Amino acid sequence: MRIALHTRVREDRIEEYEAAHREVPAELTAAIRAAGVTSWSIWRSGCELFHLVECEDYARLLAELEHLPANIAWQARMAELLDVVHDYSQAGAAAGLPVVWRL
């Protein structure tokens, strides 16, 4: 399945956000892959961030990561950098962007 998400980085934290994503903890990326993610891309337009997650089951992904210490620490770090955050708990499973058109 593919899930599109929207978040927004704080204008004064763009460089820090991008630097953080050059150093995503190996424990976290391994857990994301183990939870069924085959691809996760983030695009930025100004402060707007658009994520495309390709995975087996997004709700399962969130459930598997929700209590993982590496994910909890990462989400806390991202919360400092973002104006609009995504709820990466199980409650956020239905918060993806709706598909408007596909070719």
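In this chain, residues are counted from 1 in sequence order. Please read these numbers as outputs of a predicted model, since none were measured by experiment.
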Query raised in the report: Which pair of heavy atoms, one from His86 and one from Leu5, lies closest together, and at what distance?
Result: CE1-CD2, 3.5 Å
Query - Side chain to side chain, Leu82 and Arg8, heavy atoms closer than 4.5 Å - result: no
Query raised in the report: So if you build clusters from Ile, Leu, Val, Met, Phe, Trp, Tyr with side-chain heavy-atom gaps below 4.5 Å, do Phe50 and Met78 land together?
Result: no
Query raised in the report: Does any non-hydrogen side-chain atom of Leu68 lie less than 4.5 Å from one of Glu27?
Result: yes
Query - Stepwise side chain to side chain contact (heavy atoms under 4.5 Å, CB included) check, Trp40 with Glu54 - result: CA-CA 6 Å; Trp40 191 321; Glu54 296 184 62; over 6 Å; no
**Report entry** pair Arg60-Glu64: side-chain heavy atoms closer than 4.5 Å
**Finding:** yes
Query - Candidate pair Arg2 and Val53, rule side chain to side chain contact (heavy atoms under 4.5 Å, CB included), full reasoning - result: CA-CA 6 Å; Arg2 292 186 306 176; Val53 182; over 6 Å; no
Query raised in the report: CG/Asn71 to CD1/Ile32 distance, rounded to the nearest 0.5 angstrom?
Result: 7.0 Å
Report task. Can you label the angle between the Trp74 ring and the His21 ring as parallel, tilted or perpendicular, going by 30° and 60°? Result -> perpendicular
Requested in this report: State yes or no: are the ring centers of Trp43 and His6 separated by less than 6.0 Å?
Outcome: no
Query raised in the report: Got a donor-acceptor contact below 3.5 angstrom from the Arg13 side chain to the Glu80 backbone?
Result: yes
Query raised in the report: Do Glu18 and Arg44 come within less than 4.5 Å of each other through their side chains, counting heavy atoms only?
Result: yes
Report task. Establish whether Ile42 and Met1 are linked, either directly or via other cluster members, by ILVMFWY side-chain heavy-atom contacts under 4.5 Å. Result -> yes
Query - Same apolar cluster: Val24 and Val85, side chain cutoff 4.5 Å - result: yes
**Report entry** Chi angles and distances behind the side chain to side chain contact (heavy atoms under 4.5 Å, CB included) call for Val37, Leu61
**Finding:** CA-CA 8 Å; Val37 173; Leu61 164 68; 3.6 Å; yes
Report task. Hey, could you give me the CZ/CG distance between Arg33 and Leu28, rounded to the nearest 0.5 Å? Result -> 11.0 Å
Query raised in the report: Is the shortest heavy-atom distance from the side chain of Cys47 to the side chain of Ile14 under 4.5 Å?
Result: yes
Query raised in the report: Do Val9 and Thr7 come close enough that some side-chain heavy atom pair is under 4.5 Å?
Result: no
Query raised in the report: Tell me, do Arg10 and Tyr17 make a side-chain contact under 4.5 Å, heavy atoms counted?
Result: no
Query raised in the report: Of the non-hydrogen atoms in Leu65 and Ala31, which two are nearest, and what is the gap between them?
Result: CD2-CB, 3.8 Å
